[in-house]
Number of protein chains: 2
Amino acid sequence: MKLQQLRYIVEVLNNNLNVSATAESLYTSQPGISKQVRMLEDELGVQIFGRSGKHLTHVTDAGNDVINISREILAKVESIKAVAREHTLPDQGKLNIATTHTQARYALPDVIQGFMSKYPKVSLHMHQGTPSQISDLAAKGEADFAIATEALHLYNDLVMLPCYHWNRSVIVNKDHPLSKKGSIDISDIAKYPLVTYVFGFTGRSELDQAFERAGLTPKIVFTATDADVIKTYVRLGVGIGVIASMAVSDELDSDLVKIDASHLFDYSTTKIGFRKGSFLRSYMYDFIERFAPHLTKDKVEKAMMLKNNDEVEKMFKGVTLPVK
Amino acid sequence: MKLQQLRYIVEVLNNNLNVSATAESLYTSQPGISKQVRMLEDELGVQIFGRSGKHLTHVTDAGNDVINISREILAKVESIKAVAREHTLPDQGKLNIATTHTQARYALPDVIQGFMSKYPKVSLHMHQGTPSQISDLAAKGEADFAIATEALHLYNDLVMLPCYHWNRSVIVNKDHPLSKKGSIDISDIAKYPLVTYVFGFTGRSELDQAFERAGLTPKIVFTATDADVIKTYVRLGVGIGVIASMAVSDELDSDLVKIDASHLFDYSTTKIGFRKGSFLRSYMYDFIERFAPHLTKDKVEKAMMLKNNDEVEKMFKGVTLPVK
DNA sequence: GTCAGTTACGGCCCCCGTAAGGATC
DNA sequence: GATCCTTACGGGGGCCGTAACTGAC
């Protein structure tokens with residue numbers, strides 16, 4: 001059994017059982033992969049992939065188990081390399097962060113700036129995507145961290161740590177009737193056409209829940225994946241906006257009126273996620289702590305040992321998180 | 001990085017940094033190992049072993065981390081092989097049990113007999129040893145299961161599940177004064193020369209504790225690692241014996257008088273231990289359940305996910321175990 | 001002087017890449 | 001017919017084993 005054989009079967013699955021595509025993605029030849037896969041199957045005495053004629057059609061039960069274990073092995077191989085780099089060049093390395101527009105635009109810039117000035121030799125990569133793309137990148141090990149508010153809970157091989165709470169504000173044009181009201185309630189919002197986040201993004205579920213609880217149906221006329229687009233359409237008079245409070249700037253958005261709505265919705269929790277069992281470089285621990293000061297190296301290591309994310313939630317039950 | 005390189009460094013450590021001995025134990029040449037170790041070090045850019053001149057003197061910090069991860073990788077490689085065998089030959093395989101005399105002689109025979117008749121194609125190996133040897137075998141993966149009462153708690157990469165409680169009986173010759181007493185207390189025992197287990201064996205610590213609690217010092221004149229030897233010396237009149245109740249047979253030991261002493265000592269708990277993260281064959285789950293009926297596959301899998309053995313103890317806190 | 005690890009060298013196996021063949025859609 | 005995997009074959013690298021060398025106790 002060779003490590004590359006394990007790499008091959010994992011990548012073949014990642015490429016939807018297309019061996020040719022796999023070969024290209026690994027910069028090697030297709031027959032090479034085919035052969036190694038069959039050699040591994042011969043050695044183990046089990047089919048990993050089901051075949052109809054010469055096409056791979058599905059993953060067998062045994063194959064599924066084998067591939068899952070292989071993934072763990074390959075993750076640990078990466079850990080060994082990370083350990084080695086940590087001992088030779090503690091301040092050098094890579095940091096791949098997968099995150100959403102909201103985080104990248106409003107929550108991360110300060111942290112990133114501080115981080116980059118302390119670790120000039122760490123090459124930082126940001127990948128923007130949908131919450132599920134983000135989780136996927138982290139689960140496959142292509143990103144070190146996933147930072148988002150939604151959808152992270154689906155992956156059980158990611159550890160997800162709560163970073164901060166946030167809530168929403170309503171934004172309206174200055175001439176809008178709501179701009180004069182001191183405080184608003186949920187029925188005020190339901191009266192007007194609404195512009196907000198797309199489902200599955202940036203705490204959208206808490207928003208829907210609040211309306212449902214109140215027995216109201218909001219008139220959502222436009223949804224976007226980021227606050228900047230939402231603000232643009234609010235300015236055009238398409239409707240009133242509901243966005244994360246941190247996305248409204250006093251200076252840049254002085255033409256809009258911001259009305260706090262944190263009493264109307266449950267708070268959302270932004271989380272940072274990474275692969276269970278992976279070795280974290282010291283600068284990674286530092287990054288986490290810069291982003292969420294309560295997540296010290298100690299706490300993170302403890303959380304990594306828990307068996308699932310329900311346990312992690314329990315662990316942080318009593319902790320008061322920062323609010324943004 | 002090659003799997004064999006990882007195997008080499010792990011085995012070099014297992015052989016006390018002696019490369020020649022390692023080569024012999026792996027049936028390969030010494031220069032081959034030396035070279036692969038250095039190649040791995042070169043690739044990682046870190047020394048794994050510290051050297052003074054040409055001798056390996058110690059393991060570096062980095063090397064320690066690397067070797068620990070390597071062990072996990074190699075364990076998972078074994079898991080892959082086990083998965084494969086499980087899918088091809090579910091009723092064939094090996095089962096290596098490391099245990100003490102007491103278990104092998106009194107607790108296991110019934111279980112083994114039933115197991116062997118159900119799984120005639122599983123080749124069963126029993127390794128008898130001291131509790132710490134047993135733990136060691138299991139931790140290194142040379143035994144699938146460790147079954148013992150003592151010393152298992154020291155290894156944190158073993159999962160240890162409680163199997164049954166047991167307590168002690170006093171055995172005396174028929175003409176001994178105690179043979180007439182209906183019930184005895186701890187001071188009765190302290191009066192006479194005592195023959196019992198060696199320290200570190202078969203729940204010896206609970207025995208010592210009971211005397212200490214009572215402020216008494218037993219006159220221990222002879223210790224042995226197994227009940228058969230103890231019984232022999234009791235017969236010779238060397239002293240009275242204190243052994244596990246299950247080690248006294250009504251038929252075979254009819255020349256001795258057995259006096260229950262379970263009210264005098266804390267019960268001991270015999271445990272079964274195996275490597276965390278290893279893949280257990282279906283017949284292994286069956287073996288566990290035959291030995292300890294409350295340990296169903298479900299329960300065992302749950303326990304494997306816990307982070308340490310304190311958690312395991314918590315999990316089984318409310319469960320009433322069989323008594324032997 | 002003995003033991004232990006390193007260096008040097010040669011053989012062999014295995015892995016990979018190219019090219020051609022056959023199956024499936 | 002296009003796509004995709006398999007088989008066949010040749011080249012090259014790397015792993016292993018033997019043998020000789022060198023440093024340490």
Side-chain angles (χ1 to χ4, degrees), chain A residues 1-60 62-63 66-67 70 73-74 77 80-81, chain B residues 1-60 62-63 66-67 70 73-74 77 80-81:
Chain A
M1 191 182 315
K2 305 273 149 52
L3 282 174
Q4 337 185 350
Q5 294 174 329
L6 304 185
R7 252 175 232 127
Y8 286 170
I9 57 173
V10 168
E11 278 302 304
V12 167
L13 182 56
N14 283 348
N15 285 274
N16 302 313
L17 306 181
N18 184 325
V19 179
S20 305
T22 307
E24 231 172 293
S25 79
L26 293 177
Y27 307 104
T28 182
S29 73
Q30 177 271 319
I33 295 186
S34 279
K35 189 168 190 193
Q36 291 306 320
V37 171
R38 315 181 101 260
M39 287 185 65
L40 180 60
E41 289 179 327
D42 286 351
E43 180 181 346
L44 295 179
V46 209
Q47 293 265 109
I48 292 170
F49 300 109
R51 295 160 170 84
S52 97
K54 297 198 166 182
H55 288 256
L56 305 190
T57 56
H58 64 281
V59 181
T60 63
V66 171
I67 289 174
S70 298
I73 291 177
L74 296 172
V77 168
I80 287 185
K81 293 182 188 167
Chain B
M1 191 183 314
K2 305 274 150 51
L3 282 174
Q4 338 183 353
Q5 293 174 331
L6 304 185
R7 250 174 233 125
Y8 286 169
I9 56 173
V10 168
E11 278 303 304
V12 167
L13 182 55
N14 282 348
N15 285 275
N16 302 314
L17 306 181
N18 183 326
V19 180
S20 305
T22 307
E24 231 172 295
S25 79
L26 294 177
Y27 306 105
T28 184
S29 72
Q30 176 272 319
I33 295 187
S34 277
K35 189 167 188 194
Q36 291 306 321
V37 170
R38 315 183 107 256
M39 285 185 67
L40 180 61
E41 289 179 327
D42 285 351
E43 180 182 345
L44 295 178
V46 210
Q47 292 266 107
I48 292 170
F49 300 108
R51 293 158 170 86
S52 96
K54 296 196 167 185
H55 289 256
L56 305 190
T57 55
H58 63 282
V59 181
T60 63
V66 171
I67 290 174
S70 298
I73 290 177
L74 297 172
V77 168
I80 287 185
K81 293 180 187 168

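What you see is a predicted model; the values in this text were computed from it and never measured. Lettering of chains follows the sequences in order, A, B, ..., and the numbering in each one begins at 1.
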* Structure fact -> The contact string for nucleotides 7-19 of chain D, one letter per nucleotide 5' to 3', using protein heavy atoms under 4.0 Å with B, S and - for base, sugar-phosphate only and none, comes out as B-------SSBBB
Any [X] side-chain heavy atom under 4.5 Å of [Y] side chain:
X       : Y       : result
B:Ile80 : A:Ile73 : yes
A:Lys2  : B:Leu3  : no
A:Val46 : A:Val66 : no
B:Lys81 : B:Val77 : yes
A:Tyr8  : A:Val19 : no

* Partner residues of B:Glu24 under the side-chain contact (heavy atoms from CB on, under 4.5 Å) criterion, sequence neighbours left out -> none
* Structure fact -> Across all chains, not counting sequence neighbours, the side-chain contact (heavy atoms from CB on, under 4.5 Å) partners of A:Ser29 are A:Pro31
* Asked: How many angstroms lie between CD in A:Gln36 and CG in A:Asp42, if you round to the nearest 0.5 Å?
  -> 11.0 Å
* What side-chain hydrogen bond (donor to acceptor under 3.5 Å, both in side chains) pairs are there with at least one residue in residues 44-56 of chain B, not counting sequence neighbours? -> B:Glu41-B:Arg51
* Specify the separation, in whole Å, of atom CZ of A:Phe49 and atom P of D:dC4. => 16 Å
* To do: Using a cut-off of strictly less than 4.0 Å between a heavy atom of the residue and any atom of DNA chain D, enumerate the qualifying residues of residues 10-18 of chain B by number.
  => none
* **Heavy-atom donor-acceptor pair, B:Gln30 side chain to B:Ala23 backbone, under 3.5 Å** => no
* Nucleotide range of DNA chain C contacted by chain B, 5' to 3', under 4.0 Å to a heavy atom? -> C:dA4 to C:dT7
Test of understanding: with side-chain hydrogen bond (donor to acceptor under 3.5 Å, both in side chains), list the residues that count as partners of [X], not counting sequence neighbours.
X       : result
A:Asn14 : A:Glu11
A:Gln4  : none
A:Thr60 : none

* Rounded to 10 degrees, the angle between the two terminal axes of the helix from C:dG1-D:dC25 to C:dC25-D:dG1, each from five pairs -> 30°
* Taking only side-chain nitrogens and oxygens of A:Ser20, does any of them come within less than 4.0 Å of OP1 or OP2 of D:dC5? -> yes
